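To start, the structure under review is shown below, and the notes come after it.
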Number of protein chains: 2
Amino acid sequence: MQKGISKSTLSRLPVYLQYLKSLPKSSTDNISSTMLAGTFCLGEVQVRKDLASVSNAGKPKIGYNVSSLILELENFLGYNNVNDAVIIGAGRLGKALLGFNGFRQYGLNIVAAFDVDENKLGKTPEGKSIITVSEFSNICSRLKIHIGIITVPTESAQAVCNQMIENGILAIWNFAPTHLDVPPNILVHNENMALSLALLSNHLKENTK
Amino acid sequence: MQKGISKSTLSRLPVYLQYLKSLPKSSTDNISSTMLAGTFCLGEVQVRKDLASVSNAGKPKIGYNVSSLILELENFLGYNNVNDAVIIGAGRLGKALLGFNGFRQYGLNIVAAFDVDENKLGKTPEGKSIITVSEFSNICSRLKIHIGIITVPTESAQAVCNQMIENGILAIWNFAPTHLDVPPNILVHNENMALSLALLSNHLKENTK
DNA sequence: TAGATTGTTAATCGATTAACAATC
DNA sequence: TAGATTGTTAATCGATTAACAATC
């Protein structure tokens, strides 16, 4: 029952996965929840409970087989079945994301970016296209794309969001610092830089006095 | 007592602030928790409780004065007292962050970026410097910088992190997809793209079948 | 005054942690 | 067998929500 997985568990799974993948092949074959908990300063029971939602191959006294656990996590997180995505907004950030080829390892394939500015159209050094937004609808429906990435300025974010939803986008990764209004079946994940900064600055305020 | 504010409350405050700032000056002078709750699909009591941690100027029947609330939020979140920061890693992402001037409005001033690669040294179009890492220690201690941004590849992230801590950095904004080991008084905020992608892909898995 | 809205106290809900039996 | 480690059930903790008195 991989249905009702809690958001907090889901947020820790990729962290475990990253760590497991970073382990040298030559090191241990197996890893215990105690070890994992130690490296992340978490409770060991919490780790076990998290892992229980993706695997039941933990063995008492031995722990979890690292390579099977990696596979199970990748499977569960969907890193194996690649999802196509598009970007609207080919500014600095949009281009950085478009050119970054590290998303592939997380099962994300950015097909192209779109922009209204004619001057920005063309190809990135990596060979990805920046296309005029008037082609957006075409390409989106033809390729059945379900993930949209928003990297436009705040003012146009909601309009771009609506356009995405009209064209079948189901999950939105929003880098614009604003709240987006969407129907309940659409997921918006806000990459909220302001929030991140608030955490940093709050920490400093309490630790530098 | 702005001490024991919960992390979940702290994460919502910047969202309120952004929204309040986006309201046209000409619109309402006052806003109620009911309205705020409506636009963010939150409980109204939750909003009131959040706001209570930064303000006690809410008036029954009237609500909160928008402009005072903005000031109180900015104050609380530290957007007024600017914090200097440095970046290590002047790759594509590092440069995008360095060149982005929108952080200023959140009280973050990125002083410079550092890199080991001689070819990357110089100035950005915006006039910010990319400096050799051997100068890092100098500049950091001279300017008393407390925020470090990590945009190096995974392999060097821990080393860079250690170097930052040695030079007085207290809060780290980590874009490298890896866990960093730090002493308990140091804050690491992971900008975890893998986690974001996991949320998107999990949503799709459950909504496209 | 009546009604909308605040702020607070108590109840609920969900996630984390503790305790422990099962087992390799 | 003894000990380390898993998985699960019960207790605790914290955050959200409900109920309600205070007040402009």
Side-chain angles (χ1 to χ4, degrees), chain A residues 1-16 19-20 23 27-70 72-73 76 195 198-199 202, chain B residues 1-16 19-20 23 27-70 72-73 76 195 198-199 202:
Chain A
M1 65 102 92
Q2 58 172 52
K3 276 283 305 306
I5 184 171
S6 87
K7 198 165 174 178
S8 51
T9 291
L10 185 54
S11 73
R12 283 188 298 267
L13 295 179
V15 179
Y16 302 145
Y19 176 72
L20 294 173
L23 291 175
S27 69
T28 43
D29 281 354
N30 298 293
I31 194 160
S32 71
S33 56
T34 323
M35 281 193 269
L36 278 172
T39 70
F40 296 113
C41 302
L42 297 172
E44 46 172 323
V45 184
Q46 190 172 55
V47 174
R48 271 205 292 286
K49 227 170 185 176
D50 289 343
L51 294 184
S53 59
V54 300
S55 167
N56 53 357
K59 291 208 181 57
K61 168 108 183 191
I62 292 169
Y64 303 82
N65 179 273
V66 174
S67 42
S68 356
L69 193 52
I70 289 178
E72 287 167 314
L73 281 166
F76 183 87
L195 154 58
L199 292 176
N202 196 262
Chain B
M1 68 103 91
Q2 57 172 53
K3 275 284 302 307
I5 184 171
S6 88
K7 198 164 175 179
S8 50
T9 291
L10 185 54
S11 72
R12 284 187 298 267
L13 295 180
V15 179
Y16 302 146
Y19 175 73
L20 294 173
L23 293 174
S27 69
T28 43
D29 281 354
N30 298 293
I31 195 161
S32 71
S33 56
T34 323
M35 282 192 269
L36 277 171
T39 69
F40 297 113
C41 301
L42 297 172
E44 46 172 323
V45 184
Q46 190 173 54
V47 174
R48 271 207 291 286
K49 228 171 183 174
D50 288 345
L51 294 184
S53 59
V54 300
S55 166
N56 53 358
K59 290 207 183 58
K61 170 107 182 187
I62 293 168
Y64 304 82
N65 179 273
V66 174
S67 43
S68 354
L69 193 52
I70 289 178
E72 287 169 315
L73 282 166
F76 183 86
L195 154 59
L199 292 176
N202 196 262

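These values consider heavy atoms only, across backbone and side chains, with no hydrogens, waters or symmetry-generated copies. All values reported here derive from a predicted model rather than from experimental measurement. Chain letters run A, B, ... following the sequence lines, proteins first and then strands; every chain starts at 1.
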Nearest 0.5 Å please: distance from the [atom1] atom of [X] over to the [atom2] atom of [Y].
X	Y	atom1	atom2	value
Ile62(A)	Asp29(A)	CD1	CG	11.0 Å
Ser55(B)	Phe76(B)	OG	CZ	11.5 Å
Leu42(B)	Leu36(B)	CG	CG	9.0 Å
Leu195(A)	Arg12(B)	CG	CZ	11.0 Å

Got a sec, which pairs hit salt bridge (Lys or Arg N to Asp or Glu O under 4.0 Å) with one end in residues 33-46 of chain B, sequence neighbours left out?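 Non-adjacent pairs meeting salt bridge (Lys or Arg N to Asp or Glu O under 4.0 Å): Glu44(B)-Arg48(B).
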
So, using side chain to side chain donor-acceptor pair (under 3.5 Å) as the criterion, who are the partners of Tyr64(B) when residues are at least two apart? none

With Thr39(A), which residues qualify under side chain to side chain donor-acceptor pair (under 3.5 Å), at least two apart? none

Rounding to a whole Å, what distance do you find between [X]:[atom1] and [N]:[atom2]?
X	N	atom1	atom2	result
Glu44(A)	dA4(D)	CD	P	12 Å
Ile62(A)	dG7(D)	CD1	P	12 Å
Leu51(A)	dT5(D)	CG	P	15 Å
Lys61(A)	dA4(D)	NZ	P	7 Å

Is there side-chain contact between [X] and [Y], with at least one heavy-atom pair below 4.5 Å?
X	Y	value
Leu13(A)	Asp50(A)	yes
Val47(A)	Phe40(A)	no
Tyr19(B)	Ile31(B)	yes

Scan residues 28-35 of chain B against DNA chain D and write down, sorted by residue number, each residue with any heavy atom closer than 4.0 Å; if none is found, say none. none

Do nucleotides 11-21 of chain D as a string where each nucleotide becomes B, S or -: B if the base has a protein heavy atom under 4.0 Å, S if just the sugar-phosphate does, - if no protein is that close. ----SBBB---

Taking the nucleotide of DNA chain C with the closest heavy atom to each, which residue, Pro60(A) or Lys59(B), is nearer the 5' end? Lys59(B)

Pairing stems for DNA chain D [at least three consecutive pairs; Watson-Crick or G-U; under 3.5 angstrom]: C:3-24 with D:3-24

Under 4.0 Å from OP1 or OP2 of dC24(D): is there any side-chain N or O of Tyr64(B) that close?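 So the side-chain polar atoms of Tyr64(B) never come under 4.0 Å of the phosphate oxygens OP1 or OP2 of dC24(D).
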
Would you say the side-chain atoms of Asn65(A) and Ser67(A) include a donor-acceptor pair closer than 3.5 Å?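 Present: a donor and an acceptor within the cut-off.
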
